[in-house]
Amino acid sequence: MAQVSLDGPSAGGMLRNSSRSSATNSNAPTNNSNTQDSVQEQTAKGIIFNVDIPDNELLGGTYIFHYTPNKVWINHIDNPSFSAAGLNYFDRIDRIDGDFFLSKGGIGLSHYSIYPTLAANIDWIFQPDINIGYTKTPTNVAFYQTKRPFTQLGYASSLKSEYQLKVAHTQNITPRWNASFDIDFINPDAIYANSQAKNSHADFTTNYYSADARYQLYAGLIWQRMIMGESGGLTSDSIFTNHSGQGSLSGLPVLDARRTVNFSQMTAFAHQSYNFVQQVQQVKQRVRYEFIDSTTIDTIYWNDTIQPADYKVLNNGVIGFDLNWNKWRHTLINANTVQSATGVLYWTNDAYSDARWDNPFKISVGTTVQYNRIFEKDSADYSLFNITPYASIVKSLWHGKLGATLEHDLGSDYADLCRRLSVNYLWTIDSLRSLTTTLTTQYAETPFYLTHYHANGLHWDHELKNTTTFKADIAYSKSNRIDWNISATRLSNHAWLSMVQTATDTFLTPMQNESPFWLIQARLIYHLKLWGWLCYDMQQMLQYSTDENQMRVPLWATKNSLYTDIPVFNKALTIQVGLDLRYHTLFYADAYSPEAGAFYHQNDVKIGNYLWGDIFVNLQLKRAVIYAKAGHLNSLWESHPNYFILPHYPGNKLGIYYGVVWKFFD
């Protein structure tokens with residue numbers, strides 16, 4: 001992410017890239033005290049003056065803050081890129097550079113990732129987020145600063161009844177105070193009876209920074225609701241497999257056509273920080289020169305001079321405070337609700353945000369305080385209070401950076417002895433290439449929903465042991481062309497949901513195995529220009545679990561996109577025509593339980609060994625993008641359909657999708 005600077009009030013508060021040379025010049029010492037005072041105020045966080053931005057650069061000149069606790073600088077996000085493989089199809093999981101290889105077949109339906117990070121165990125304590133590809137959080141919404149009001153409109157549909165609608169707008173109320181909103185509606189078409197889904201998301205954000213950029217405020221409100229008539233899928237997968245392939249699938253029998261799952265969430269958050277870093281002139285030194293006048297015996301002359309001193313940075317660091325309130329609700333037959341309030345207080349000396357001065361030894365310390373209230377059926381009511389202090393250090397070396405982070409949860413009865421230690425080393429090979437090695441060890445509580453659950457016809461109370469995780473990861477990156485990483489993760493006391501069948505009953509229950517096992521994963525992302533206008537993007541993944549009873553993953557998964565990228569009419573129009581291919585090997589994928597709102601192990605059916613093919617056409621005319629896509633084209637000649645996305649959930653047949661995204665400044 002490129003660092004950026006803030007223009008002064010004369011530039012309307014517009015954010016803009018800052019270069020290394022201009023930054024160095026703006027920090028150069030000067031003997032003019034008035035000029036120095038002005039520079040001191042504007043460079044407290046690396047702020048420099050820039051010329052006003054002409055209108056023809058506005059489209060590439062919208063920048064955002066990121067709500068990331070412990071980070072106070074401003075990052076730059078390029079204008080929404082025009083790229084293949086679904087980046088302009090604003091369905092978030094319909095893209096090549098993500099972890100979402102499997103979905104339930106419809107735009108907006110929940111999905112299942114086959115690339116688990118295994119790093120979020122301590123965060124998924126209450127309920128797994130099966131909609132993680134669509135869920136908005138404070139970490140993925142945007143905080144803009146823009147010179148003119150900026151609006152983005154998007155509409156997508158298909159030959160069926162599904163549609164997507166997006167409306168986003170941002171504008172500066174004052175030169176340094178911005179307000180924005182982003183609203184998304186995703187309504188996919190039904191595959192079979194009662195399988196319709198609706199995703200609704202809205203976020204409202206604002207941000208403000210003071211004239212010297214030392215004080216910064218970000219705040220926002222997120223509302224979202226996901227309705228899924230999941231019904232648990234088909235009563236038998238063979239019903240779909242033996243289907244003639246003609247006509248609608250809406251009459252196929254499902255496990256329960258009366259049930260509709262409802263996930264709703266409301267989040268309010270705010271961040272405030274103040275930067276105490278100052279650029280000051282050191283104390284001037286008085287220097288005395290003495291000498292003897294050779295023409296006069298015993299006469300001594302002396303002269304006092306003032307020697308100018310260099311300027312230095314007084315790094316008193318940044319202090320920040322974050323607040324977050326969240327209410328999450330899962331409803332089927334009845335409901336369970338989680339309410340949480342979180343506060344984070346921190347200090348860091350990682351406060352100077354441009355290339356002129358890099359702290360060789362960065363320290364961050366803070367404390368997270370969290371209160372959770374869990375309401376379930378049968379008056380099951382739990383209150384959890386957690387205090388988690390943390391500290392991190394980063395030492396700059398001549399060839400890279402060495403860092404370490406330690407978290408320790410003082411916890412409640414349901415979160416004992418949770419701690420995480422991560423050590424990483426970044427080797428900067430050159431300006432384009434870097435190699436990162438990370439070691440992480442974690443001792444965390446079993447997710448709460450696996451120990452206590454009373455809702456939607458399910459109930460259990462289990463005392464499960466804490467999980468121990470060790471992960472080693474090495475990653476390589478070269479510009480925006482190549483990214484690969486290899487990781488090995490060892491888990492002990494791993495817990496999961498499983499369907500158990502007895503002579504008289506079949507029921508869902510948590511399981512745990514004390515035996516450790518390893519998960520080995522390797523991923524490669526490669527963007528390649530084959531020849532002039534011909535491009536190839538790919539993502540390859542290899543995975544292996546030493547105990548498939550505890551963790552199921554496909555051995556190989558791949559996404560590929562081959563497309564043209566042709567500018568015409570003096571680059572006023574860009575044309576892309578391409579092909580997307582996806583594939584993964586057979587494996588016992590986890591099945592979905594609407595009652596638990598989670599996935600569980602099953603041993604009945606394998607899915608995979610099936611190629612999915614899409615073709616697409618993208619047209620970018622100035623600020624508008626028009627696209628069309630034929631999804632799952634190869635279903636036209638499949639005589640024996642076996643294209644299941646998840647157990648009991650067949651994928652969509654051929655679909656024709658089209659839409660337009662229009663960006664403009666008022």
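Contact annotation: the side chain of Leu524 approaches that of Ile482 to within less than 4.5 Å [non-hydrogen atoms, C-beta and beyond]. With contacts defined as side-chain heavy-atom distances shorter than 4.5 Å, the pair Asp182/Val141 does not qualify. Using a 4.5 Å heavy-atom threshold, the side chains of Tyr346 and Ser273 count as touching.
Judged by distance alone, with hydrogens and angles left aside, the side-chain atoms of Arg523 form no donor-acceptor pair with the main-chain N or O of Trp484 at under 3.5 Å. Between the side chain of Trp347 and the backbone N or O of Asn316 there is at least one donor-acceptor pair closer than 3.5 Å. Under a 3.5 Å cut-off, the side chain of Thr137 and the backbone N or O of Thr139 do form a donor-acceptor pair.
The neighbour count for Trp223 CH2, taken as heavy atoms of other residues, nucleotides or ligands under 6.0 Å away, is above 12.
Distance CG/Leu384 to OH/Tyr371: 9.0 Å, rounded to 0.5 Å. Note: Leu439 CG to Ile474 CD1 = 10.0 Å, rounded to the nearest 0.5 Å. Note that OG1 of Thr348 and CD1 of Ile393 are 12.0 Å apart. Values are rounded to the nearest 0.5 Å. Remark: Ile387 CD1 to Gln370 CD distance equals 11.5 Å, nearest 0.5 Å.
Using the six-membered ring where Trp is involved, Phe276 and Tyr274 have ring planes that are perpendicular, over 60° apart on the 30 and 60° scheme. Ring orientation note: the planes of Tyr134 and His201 are close to parallel, at an angle under 30° on the 30°/60° scale. Taking the six-membered ring for Trp and thresholds of 30 and 60 degrees, Phe181 and His169 have ring planes inclined between 30 and 60 degrees apart.
Of all the heavy atoms in Lys362 and Asn349, the pair that sits closest is CA-OD1, 3.3 Å. Closest non-hydrogen pair, Pro138 versus Ile222, comes out as N-CD1, 3.8 Å. In plain terms, the two heavy atoms of Lys471 and Ser487 that are nearest each other are CE-CB, 3.8 Å. In this structure, Asn466 and Glu445 approach most closely via the heavy-atom pair OD1-CA, 3.5 Å. Residues His399 and Trp427 approach most closely at O-CD1, 3.0 Å, considering heavy atoms. Considering all non-hydrogen atoms of both residues, Leu221 and Phe269 come closest at N-CE2, 4.2 Å.
Residues passing the salt bridge (Lys or Arg N to Asp or Glu O under 4.0 Å) test with Arg373 are Asp381, sequence neighbours excluded. Scored by the salt bridge (Lys or Arg N to Asp or Glu O under 4.0 Å) test, Arg433 finds Asp430 as partners (sequence neighbours excluded). Looking at residues two or more places apart in sequence or on another chain, you find a side chain to side chain contact (heavy atoms under 4.5 Å, CB included) between Phe321 and Leu323, Leu345.
A donor atom on one side chain and an acceptor atom on the other are not found under 3.5 Å apart for Thr368 and Thr388.
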